[in-house]
Structures are given as C-alpha cells and as structure tokens.
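First up is the structure itself, then whatever we jot down about it.
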Amino acid sequence: MSDQKRLFLVDAYALIFRGYYAFIKNPRINSKGEDTSAIMGFMNSLLDVIKRERPDHLAVCFDKGGSADRVEMFEAYKANRDETPEGIKTAVPYIYEILKAMHIPIMVKEGYEADDVIGTLAKKAEKEGYQTFMVTPDKDFAQLVSENIFMYRPMFGGGYETWGIPEVQKKFEVTDPLQVIDFLGMMGDASDNIPGLPGVGEKTAKKFLAAYGSMENLLANTHELKGKMKEKVEANSELGMLSKKLATIMLDVPVNFNEKDFEMSEPDIPKVTEIFQELEFRRLIDNFNKTFSAETVAPKVETTQSTEAKVSDKTETKTTPKEVKSAGAGQFSLFGGEDNSAEATPSNTRKTAENTSHFYQSIASGMATKLFVKNLMNQTSVCFDTETTGLNSLTAELVGISFSWETGKGFYVPFPEDKNEAQKLIETFRPFFENENIQKIGQNLKYDIKVLAKYNIEVKGKLFDTMLAHYLINPDMRHNMDVLAETYLNYTPISIVDLIGKKGKNQLSMREVPLEKQTEYAVEDADITLQLKEHFEKELGEANTQKLFDDIEIPLLRVLATMELEGINLDKGFLNSLSEQLNTDIEALVKNIYEAAGEEFNIASPKQLGIILFEKLKLVDKPKKTKTGQYKTGEDILSYLAKDHEIIQNILDYRGLAKLKSTYVDALPLQVEESTGRVHTDYMQTVAATGRLSSNNPNLQNIPIRTERGRQVRKAFIPRNEDYTLLAADYSQIELRIIAALSKEETMIEAFKNGEDIHASTASKVFGVPISEVTREQRSNAKTVNFGIIYGVSAFGLSNQTDLSRGEAKELIDTYYETYPKLRAYMSEQVDFARDHGYVQTVLGRRRYLKDINSRNAIVRGAAERNAVNAPIQGSAADIIKIAMINIHNKMKAGDYKSKMLLQVHDELVFDVYKPELEELSSLIKTEMEGAFKMEVPLDVEIDTGLNWLEAH
DNA sequence: CACATGTGCAA
DNA sequence: TATTGCACATGTG
C-alpha cells in the first residue's frame, strides 16, 4: 500500500436514505415506537468503512437548505421529490449527536448540496497530495473520479466497490469521467429531478456519447439524427443544456480543506454507547467496540467454529473446519479432512458463505447413505430442506435433501434423476421422516411435506417451521429465509439467482447445478434454518404466541398441505362454452362503443379510454385524475355518468365481461394440473397481516358471486364424480358476532341470540321503525354501516358507498353509535391499547404491531387506528375458522371418511362429500365450526349442498 | 422480460 | 377519506 494519505468523504443523506429503504420492509422499531432504520443503516455503513479501511482522514457531509443555484436554474429542481420520510427526519439529529461523540467532523454549507461540498473538498485534497474516497452510492459522483479520487460505493447485500477511472469508463462507456455529466444530462435522473432529453434513456445516451462525446456536440449535429428522435432532441436543446448544468457538481463551494480538521481521533466511547443504548442498538454497540478496540487492525471475520485465523493487514483469513465427531456409538466417519474453508472477502463484514467457516458434506454412495440415516435416527431434532426441479410441488422432482442438526454443519443427499432410483433412495429415509419422535425443522415445511407426499412419504413427528414462527412474531414483516437470515443472523445466504440465474432464458434447473454448489446452497439453507429456529424458539415463548404456534399454525400447515394436494374438480367444458358466449357479447359491446366514440381504441386501456371519454367526448367538466395524471375511469366514477351517456353503460358492461373472461373463465381451465386433472390452489399462511390465509395460483378466494353473470363461474366447480356432492359451510356474520362479543354490546348480542337478521335489526333500531317495516334501502344502508364499522369508516367513506349525503352519513353513524354505545367504547379501547402496547391482539393472542399508532401524521395515524380496530376482528375470525379446520380435519382422518375438505374462503369451507357420508358429515362440520370458539354470542353456520359450488350456496 | 399502474374480484 | 388479499391488461424501458 502506498504511503499516500487517504481522505474519506461520506455522503450522509445518500447513506441515510439507503439505510432507511434497506429496512423498508422490516423497519427497525425500538420499544418507544421510534423507527431507527435510518440511523442503523447509516451507522452500519459508517462503521463498515472505518473498520474496513481505517481511514486517517474522514468527514461526513450533509446538505443544508438545498442548492440555491440549482433551484434558480430550474424551478422544478427537486421540487416534486417526495417529502422526506419521518423516519429520516427524526434520524438526522441523532446522527449528528453520534458523529459529534465519535469526534468525526461534519461538513455542511448552507445553500450547497453535499455533492458540491464533497466535490470541492475532493479536488482541494487532491492538490494536497491526498487520495480521496467519496463514500456514496450516487452515480453522479462518477464525474469527479480521477487518478486520486475514487468512488467508494456500498453495494446491496453488503460489500463495497471502488470506482476509479477504468470502472467509470466501463460503466458509462465514456473515455473521460467528466462525460458522466453529459450522460446524466442526456438521460436525466428522476431521483435528482434532472429532466434530461425526452425519449433518451440509458441506451440512447450511451450511443450519443459514443458518437458525439458531449451534449454540446450532440446538439450541434442534430441534423445527423433521424425521425422522431431528431425532432425531440432539436426541440429540447435548451432543456438538454440545462440538464447538463444541473448534473454538474460544483467545485467552488467556499470551504477550506485544513488537514488537521479531518484527522480521525479517538471516539468518546461511553458517550456513543449511551446513545446506542438509548436507541436500543445492542449489536451495534458490540460492532462499535470491536471497530475501535485496540487490537483490531484489519478486517475480522466471524466464524461459527473455532478458527486458526491469521489476521494481518490485507491478507485473507483462513479457517479450518473442526474434525467432525462421530455421533453416538456408530463409527460414522465418512468425512475426511477435506478443506472446506473459504477465503474471507475483505469487502464484506456481513457474514456470507464466503467468509464463514462451516462443514458441509454431500453423501453420495449407498453405503454412506445407510450409515448417514443410522446417524440421523439418533437425533431428536433435525432440520431439513428439499431441493427440487421446480416450485410446483405437485410436479417437482427431488434433486436432493439437506440435513442439519448442529450449527455450521450439515449434509446433502443428492437424488438420482431416474424415478425408480429416486424412490428407492427416499425409502432409505422413510424411517427418519415417519419417526414420531424426531422433531422436523424447516422453512415453509408445507412445501417439503407436499413434495415428499408425492413420493408417498409422510412427515411425522413434531414440526417447527421458522417461517410460521416469524409470522407470529411479527406478521407485518416478510418471512423469506434470506431476509430472516440477514435480520437475525447478520448472514447473507447464497442467493438462488446466483445459483441458477434469473428466470427466463438461461435459467438452470437445480439438477444442472454442480454438486458442490448444490451442497453449499442446500446445506446452508438447512444450517441457517436451524439457527433461526433456535432464535425464534425463545421469542415464541414470551407471548401466548407459543400456543398459537403449536396448536394452530403448525397443525394447520398439515391441513393445508392435504387440501392443496387434493385440489378441486373443474368443469372445463362448461367454462369453454361460457367463454364463447362472453365473446359474442363482448364483440357486440365493442362494436357499439367504437360507434359511439367515433373511432376504434383499446377499451381495456384506462389511458386511451380516459382520453376518449374526457377529451374527445368531454363527458365531464373537471374529470378526476390519478396521481400519475391520467383520467380516473374506475367503476365508481363511470357509474355516476351512466345515466347521461349510453356509451358508459356499454363500457361498464364490457369491463365486467372482459374481466370475467380473462380472469376466471379463460384463466381457470389453464390452471388445471395435468397430473391430477384438478385445480390446486396454494394457500399462503404467512402473508395476511391479520392472520387470514390467502390463496393463489389460482386465487380461489375471489371467485365471483355478486352478479348473475359472474356467479355462473361457480358452476364450474364440481364434485369429483357422481358419488360425491359439494358442500359449502359458511359462518354467518362472524365478524359482527365477534365485535358484539368483544365489546359486550348487549343490544347487538341480544339480536344475535334471538337469531335476528342483524342488518334489519340494526336498521330497525337506527331508523326507529319496527323490524317488519324496515325498507330494503334502510336495511342496505344499515348493512353498509355494519361493515363499515369493522373497517373504521368515515362519514365521507360511507356517503361514497351509499346514496346518502355527507351529512346524512354522519347522522347515521352518530345514531349507530348511540344505538350501540359499547361498540364505540370498545373501538377506542383498542386504539388506546395499541398506543400503550404498540400492538393489538385477537382472541387467541395473535398480535399485530402498529408502529404508526403514535405518528404525528394524522393520515398515517388514522390508518393505524383503523387497523387497531379491524385487526382483532378480522384476525379473530381467522383464528376461529383455523381451529375449526384443524378439528374437522382430525375427525375426518380419525373417522376414515372418504369425503375431503377442499377450500377455505375466510368464513367458508368447501367439501367434496361422499354421498353416503353426507348426513353424518354435515352435522360434524356444523358442530365443529360452531363450537370452535365459545363466546357470549353464538356462532351460526349455514350449510348447503349441490351439484356445484353455486348450488351449494 | 420485469416492473409499475389501474382496475376489479372476494371475504 | 373503509380492512385483508390476488390477478389481469396495459404501458414502459
């Protein structure tokens, strides 16, 4: 390394924003409800740089008041940037405080952007003989790169890349970094509000640069261009020059580079620790101490096993796996001294397979397998993960299975392509999978269970699914393994994309991946899942979440796997003829609409439709626009206009039929699984934040029912054969019953106990008429309010949903609360509870955290308050039907019924019932559903049967 | 081919 | 300015 002095200039806001958005899906919230993502993100980056590079000179640069010059040049400059998120605003003062405590100089110059400050300082430092590193992900800085000035770019997923002249040349396809200015000027930069040349994107900009070298030269030679592009560029030459100016980083900021001011000095460790403690940054305190402890001079690699690490400046760290002990009495020593250690990449402190020591071994020979299974059978708890040829568990073939029962160690069993051979191999593992006494751990076990079921292997014994565990710990977050590993283990697993490529053209099948890579990837997954399990196990115990996990979600996983494997029979022929009828009707409507419009256009394009309706036909004086400036053409908007213009009703009809055809009638037959002839939806158990299931591929929870035409689709869902019949069992008004019971609102409870029609009953009370005299309209409005209450509706919302005016809507809501006073009290109790505890919960203690409940932003807070009311209700209903499903499944299994549970639609279960079992099963289902959870309000279930799903209602 | 947007279906 | 979802067609790069 040269003796040249090195200066690091950190672009604070860029790193703060980046840190904030890196956590956007899983924001860090401390116990005070503050979003500390931005601070955490920034500090991670800063410490990372310090630890990695040990700079002798460093400063952090902020903006203040924006760039007066640029705003003068271009009014819109940064004008329509979204407002700075609250989580960032609150972060900045903390970051200032921390930097002060760390004795790191802060550079700010009123009226200048950090870009300009950094640029000016970098150039000045260069004159003093420094090497300067600009720490920022912002590509604008590439224009400043020189022999002594570099960009130091944090990369997603950890690590850094350094951009010198060659990198910039390659990246932007320029000869001189200064041309980056021309490049940005041409293509523009949405995030910086640089307009750029219209119609010029990255590709065109590069082409222009290659041909003309600069914006000026391009504009001087536009005669060489052709067609539209020529017109556009010529018409916008001024905009082009302006864009170039905006993209130029200014180098004349009045700041001085006094070396002394930028020297790194010892931080005030106690002070920094105190701030971190306040922010609840436990891991960061460790990280900080490590970074500044005396002996750490070089990048240090954490390992999961004992290491013989030689740490010295700029050398790699080697780790040696421990000799593997054979477990139990068996002589299980297949694993020789193969060196699995990997070089530590100095460019990454986040642990990855590259820099973590582990022992992963593949097991190939028959003898080895037998010994391995024997060893497996000695364990009490094993994590496993199946690797398959695809994501469809019904057709996926096993490529391998990984196992781990000890952190940092695991095994991979590759499977042969030949089906008979594969079946033979899996038979070896049957004793393991079907052993009741060995706990099976996995991430999304439903998938593995389904895959193995296709090999006729049943996974028995206690289960622990890390995905489900995390769903209960915080349902609002994401639960895929990569995110969990990064969040809880600070570990970045090998990405599947690295392994098999992006989907599309050249994506590999897992089988085509070299065995060593398969092993690394697969065993790593099992290893990580095992570590996550140890982590989550403790967290689950804290709340009554443990019961929810053991008694609801885990048993439900098996129920869902069974239902999904079962699928439902679909009458393809019926849908095909329906499709033809729709086609005829749609064609007629299209013809009609074109005539009325006076031209042909794409009716399905909201953009084109908007222009026809509101520009050509001028149907409305002031049409409403969407946030992107297009005309709104939603059903609610068009319905208002229907009475005035014939074309509107035709458009609405077209929309309805086109939707029906494309989403259901034509799409469903394509979803029939070839191997079974049935439709197999996939229930997502960890998606809905309230505890509901969701359904996809296809979504069988949104099959039409409200319109006559749409309802027909349900006729296509039929029993498996003539010995069976479809049975649908619906909870009647379960959410209203729950809110009545939870609020202890006697009036409503009584109505339910008396078996009254709740909407009519509400109408009767609210409008002050006997229940027999309630009009259809009154009942309908009462129904809307009843539902609206569950969602936290406003007078505005209610008036939009009904024919009522704002005033009438408000009056109706007021009267409603007077009729059911305890309902209102209950709702505000929920909000208060959320404010105090940061979460709300269902009848079974399922939690939903509401970080925005104390937000200063009324809109954000309002949304959180509605969630506080809605989540316990929707979630409790979800809890209850889950209980019913598990109990019904178990009884049907125990009773060895031929009938099958097929579908769940939030408050409804659909069964394929073997006719001789009908009576017995109807009563079993009703009993179990109504008895799933006892409240002061009785649950009521309506059951019906028929030749198809429509008849069963 | 990937992604955002607008729209609309269900409970 | 009503909750939770999923999927389609269009339009853009």
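Here is how names work: the chains are called A, B, and so on, in the same order as the sequence lines, proteins then strands, and each is numbered from 1.
- Between the CD atom of Glu735(A) and the C1' atom of dA10(B) there is a distance of 13 Å, rounded to whole Å.
- Heavy-atom neighbours of Leu670(A) CG from other residues, nucleotides or ligands within 6.0 Å: above the threshold of 12.
- Within the 4.0 angstrom heavy-atom criterion, only backbone atoms of the sugar-phosphate kind lie near Arg848(A); the bases stay farther away.
- Sorted by first then second residue, the side chain to side chain donor-acceptor pair (under 3.5 Å) pairs that include residues 608-617 of chain A, not counting sequence neighbours, are Glu599(A)-Lys616(A), Glu615(A)-Tyr631(A).
- Across residues 607-617 of chain A, Lys607(A), Gln608(A) each have a non-hydrogen atom less than 4.0 Å from an atom of DNA chain C (numbered order).
- For Val483(A), the side chain to side chain contact (heavy atoms under 4.5 Å, CB included) partners two or more places apart in sequence, or in a different chain, are Asn26(A), Asn480(A), Thr487(A).
- Atom CD of Gln733(A) is separated from atom P of dA11(B) by 12 Å (rounded to the nearest Å).
- Using a 4.0 Å heavy-atom cutoff across all strands shown, Ala795(A) reaches no nucleic acid atom at all.
- Going from atom CZ of Arg714(A) over to atom P of dA10(B) covers 8 Å, rounded to whole Å.
- When DNA chain C is scanned 5' to 3' for any atom under 4.0 Å from a heavy atom of chain A, the first and last hits are dT1(C) to dT12(C).
- Taking a 6.0 Å sphere around CG of Asp803(A), one finds it holds 12 or fewer heavy atoms contributed by other residues, nucleotides or ligands.
- Partner of Lys882(A) under the side-chain contact (heavy atoms from CB on, under 4.5 Å) criterion, chosen from Leu844(A), Ile552(A), Leu548(A): Ile552(A).
- The stretch residues 855-869 of chain A comes close to DNA chain C through Arg866(A), Asn867(A), each having a heavy atom under 4.0 Å from the strand.
- A search for side chain to side chain contact (heavy atoms under 4.5 Å, CB included) contacts involving Met563(A) returns Val559(A), Leu560(A), Tyr683(A), Met885(A), Met901(A), Gln904(A), not counting sequence neighbours.
- Considering only residues two or more places apart in sequence or on other chains, Glu735(A) meets the salt bridge (Lys or Arg N to Asp or Glu O under 4.0 Å) condition with Arg692(A).
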Check step by step if salt bridge (Lys or Arg N to Asp or Glu O under 4.0 Å) holds for Lys851(A) and Asp476(A). CA-CA 10 Å; Lys851(A) 64 182 170 60; Asp476(A) 273 297; over 6 Å; no

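- With sequence neighbours excluded, the residues forming a side chain to side chain contact (heavy atoms under 4.5 Å, CB included) with Ser805(A) are Glu808(A), listed by chain and number.
- With sequence neighbours excluded, no residue forms a salt bridge (Lys or Arg N to Asp or Glu O under 4.0 Å) with Asp944(A).
- Counting non-hydrogen atoms under 4.0 angstrom, Asn602(A) reaches the backbone sugars and phosphates but no base.
- Annotation: salt bridge (Lys or Arg N to Asp or Glu O under 4.0 Å) contacts of Arg709(A) (sequence neighbours excluded): Asp585(A).
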Please list each protein N or O that sits under 3.5 Å from an N or O in nucleotides 6-8 of chain B, with the distance.
unit_1 : atom_1 : unit_2    : atom_2 : d
dG6(B) : OP1    : Thr626(A) : OG1    : 2.7
dG6(B) : OP1    : Thr628(A) : OG1    : 2.7
dT7(B) : OP1    : Thr633(A) : N      : 2.8
dT7(B) : OP1    : Thr633(A) : OG1    : 2.5
dT7(B) : O3'    : Arg655(A) : NH1    : 3.4
dG8(B) : OP1    : Arg655(A) : NH1    : 2.9
dG8(B) : OP2    : Glu635(A) : N      : 2.6
dG8(B) : N3     : Lys659(A) : NZ     : 3.1

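- Note: CZ (Phe787(A)) to P (dA11(B)) measures 9 Å, nearest angstrom.
- One can place CG of Asn786(A) at 16 Å from C1' of dA11(B), the figure rounded to the nearest angstrom.
- Every pair passing ring pair (Phe, Tyr, Trp, His ring centres under 6.0 Å) that includes a residue from residues 790-816 of chain A is listed here, sequence neighbours excluded: Tyr816(A)-Tyr820(A).
- Between Arg824(A) and Glu745(A), no side-chain nitrogen of the basic residue sits less than 4.0 Å from a carboxylate oxygen of the acidic one, so the salt-bridge criterion is not met.
- Counting distance only, with no hydrogens placed and no angle test, the side-chain atoms of Arg706(A) and the base atoms of dA10(B) include no donor-acceptor pair under 3.5 Å.
- Shown here is Leu508(A), whose CG atom has more than 12 heavy atoms of other residues, nucleotides or ligands within 6.0 Å.
- Here the C1' atom of nucleotide dA11(B) and the CG atom of Asn699(A) are 11 Å apart, to the nearest Å.
- Here the C1' atom of nucleotide dC9(B) and the CG atom of Leu660(A) are 10 Å apart, to the nearest Å.
- Nucleic acid contact class of Thr707(A) (heavy atoms, under 4.0 Å, all strands): none.
- Within 4.0 Å of Leu798(A), counting heavy atoms only, lies no atom of the nucleic acid at all.
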